[in-house]
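FYI, the numbering just counts along the sequence from 1.
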Amino acid sequence: MPAPSLLAEIEAAAVAGLPCACCTVVATRGSTPQKAGATLLVYATGTQSGTLGGGCVEAEVRRRALHSLAAGDGGPAFHTFTLDDNYGWDDGLICGGRMTILADPLDPSAGDYFELLRELADGGVGRTEVIALPDNRAGLTVGSRHLFSADGRPVASRNGPAADLAARLPALTSRSKPTVADGLAFLPTPPRIRLLIVGGGHVGQAVARLAAEVDFDVWVADDRDSLVSVERFPHAARRLAGDIGRTLKALVPGVTPSTYCVIVTRGHNHDEEALFHLAPTAAGYVGMIGSRRKVRLIFDDLRAKGVTDDALSRVRAPIGLNIGSEAVNEIAVSIVAELIARRSGTL
């Protein structure tokens, strides 16, 4: 899905009346450089923001968008590409993948739609955008866009009247993927994942920095005030200082499958205490740093305290993908990569 910053740029360009086209991947099949939701903003001046994956496809979409803007055609258009000798050679993607892209020339009236889309993105509450393809069976205007909140309420429509599609919307979960059904492209954006980092040391700080850059809602907790400062965690939505056990006990009722927990405290006892509170929760991910021996000892202690094997089986420990990491920043990369894999449903 386009980043909030790109959505803000699209909104601003539309409101300002700048001649431009919003080009969005609405459907893919097979191996493609970008998946549905990827967006490229093409200005009539030739400049652009965002990406469709680069290469021949992006260059051709840009060329067609510029031609349409120069001709003043105005209406939305669909472009479909098969990544073969014609559109895959430069990218090494001669694999039969298929991409369908909506090129939507903007005007000031688009500002309201993209303002609401951007507000939902900024809030991280989740949304679904539905785009009517040429063969849609719902009688919708071809190329029309329809925006729905996380609970299925209609928010806005563009290039056509509002549509009653609530009953057709797929469930919005942390692993929702774009789909096409009956000529409608469904582009879901799940609620932003809240990442609770327990431990404000060097690893926690590095994880927070990387996680914020890839759109996690970062919270950090530590029992030392000095380690959860604004200076150390400038992008954290919340910084919680205090006894780890009491802090986590207060947070547990709000832990949902859209909460991921990373335990990287300064010692065995704090890690164990954090895991005691977090392992039995509904969190979509719980991971703990440490050697296999340390993990085994902590698990044994927690079983003795009544934590079930079912709860412990959900814990990723040792945490992080095995990339041979040793330095702090490398460890953080391995952890955030694992978090992204879980969020995307590949882990």
Side-chain angles (χ1 to χ4, degrees), residues 3 33-35 174-175 190 192-224 226-240 244 248 255 257-279 281 283-302 307 311-347:
Q34 289 282 342
K35 296 303 180 183
S174 61
R175 299 188 180 188
R192 182 175 297 133
I193 297 295
R194 175 168 297 158
L195 175 62
L196 173 61
I197 301 171
V198 186
H202 296 308
V203 173
Q205 185 182 24
V207 168
R209 183 180 65 253
L210 292 176
E213 290 178 356
V214 290
D215 204 33
F216 284 93
D217 177 30
V218 176
W219 292 23
V220 61
D222 199 286
D223 59 333
R224 298 162 290 179
S226 62
L227 291 194
V228 288
S229 64
V230 174
E231 291 74 22
R232 287 179 59 80
F233 293 93
H235 302 298
R238 290 193 65 183
R239 293 169 287 273
L240 306 165
I244 286 177
L248 295 182
V255 171
S258 292
T259 306
Y260 290 3
C261 306
V262 167
I263 301 171
V264 286
T265 78
R266 66 185 183 278
H268 178 117
N269 291 335
H270 290 301
D271 285 348
E272 183 173 319
E273 184 172 22
L275 196 57
F276 174 80
H277 290 284
L278 296 175
T281 68
Y285 173 96
V286 179
M288 182 180 69
I289 200 168
S291 66
R292 296 189 183 281
R293 179 178 181 277
K294 168 189 164 180
V295 171
R296 185 173 63 253
L297 291 174
I298 287 178
F299 277 26
D300 287 345
D301 286 349
L302 292 178
V307 178
L312 294 175
S313 69
R314 299 173 52 246
V315 178
R316 296 283 297 187
I319 194 174
L321 299 182
N322 184 7
I323 60 173
S325 54
E326 295 182 2
V328 167
N329 286 338
E330 293 174 344
I331 293 170
V333 167
S334 75
I335 293 172
V336 174
E338 185 166 284
L339 296 173
I340 294 170
R342 176 56 62 91
R343 182 174 64 181
S344 68
T346 59
L347 177 65

Could you pull out all donor-acceptor pairs under 3.5 Å where a side-chain atom in residues 327-337 meets a protein atom, sequence neighbours excluded?
unit_1, atom_1, unit_2, atom_2, d
Asn329, OD1, Arg209, NH2, 3.2
Glu330, OE1, Glu326, N, 3.0
Glu330, OE1, Ala327, N, 3.2
Ser334, OG, Ile331, O, 2.7

Between [X] and [Y], is there a donor-acceptor pair closer than 3.5 Å when you use the side chain of the first and the backbone of the second?
X	Y	value
Lys294	Pro318	no
Arg342	Leu347	yes
Arg224	Gly200	no
Arg314	Thr281	yes
Thr346	Ala341	yes

Inset, instruction - Test Ile298 against every option in Leu275, Asn269, Val315 by the side-chain contact (heavy atoms from CB on, under 4.5 Å) rule and name the one that passes. - result: Leu275
Provide the closest heavy-atom pair for [X] versus [Y] in the form atom of the first, atom of the second, distance.
X	Y	value
Gln205	Phe233	CA-CE2, 3.4 Å
Leu227	Arg232	O-NE, 3.3 Å
His270	Thr265	CB-OG1, 3.2 Å
Gly201	Asp222	N-OD2, 4.4 Å
Ala237	Asp217	CB-OD1, 3.1 Å
Gly290	Val295	O-CG2, 4.1 Å

Inset, instruction - Quick one: do Arg343 and Tyr260 satisfy side chain to side chain contact (heavy atoms under 4.5 Å, CB included)? Show the steps, please. - result: CA-CA 9 Å; Arg343 182 174 64 181; Tyr260 290 3; 3.9 Å; yes
Legend entry - Any side-chain heavy-atom pair of Ile197 and Val264 under 4.5 Å: yes
Legend entry - Heavy-atom check, side chain of Leu195 versus side chain of Tyr285, under 4.5 Å: no
What's the separation between atom [atom1] in [X] and atom [atom2] in [Y], rounded to the nearest 0.5 Å?
X	Y	atom1	atom2	answer
Asp223	Arg266	CG	CZ	4.0 Å
Arg194	Phe216	CZ	CZ	13.5 Å
Ile289	Asp271	CD1	CG	8.0 Å
Leu339	Ser344	CG	OG	11.0 Å

Legend entry - Steps toward side chain to side chain contact (heavy atoms under 4.5 Å, CB included) verdict (Met288, Ile319): CA-CA 5 Å; Met288 182 180 69; Ile319 194 174; 5.8 Å; no
Inset, instruction - Let me see the working for Val307 and Phe299 under side chain to side chain contact (heavy atoms under 4.5 Å, CB included), right down to the final yes or no. - result: CA-CA 9 Å; Val307 178; Phe299 277 26; over 6 Å; no
Inset, instruction - Just do the side chain to side chain contact (heavy atoms under 4.5 Å, CB included) check on Asp301 and His268 with the steps written out, would you? - result: CA-CA 11 Å; Asp301 286 349; His268 178 117; 4.1 Å; yes
Inset, instruction - Tell me, yes or no, whether the heavy-atom count around Asp300 atom CG, taken from other residues, nucleotides or ligands under 6.0 Å, exceeds 12. - result: yes
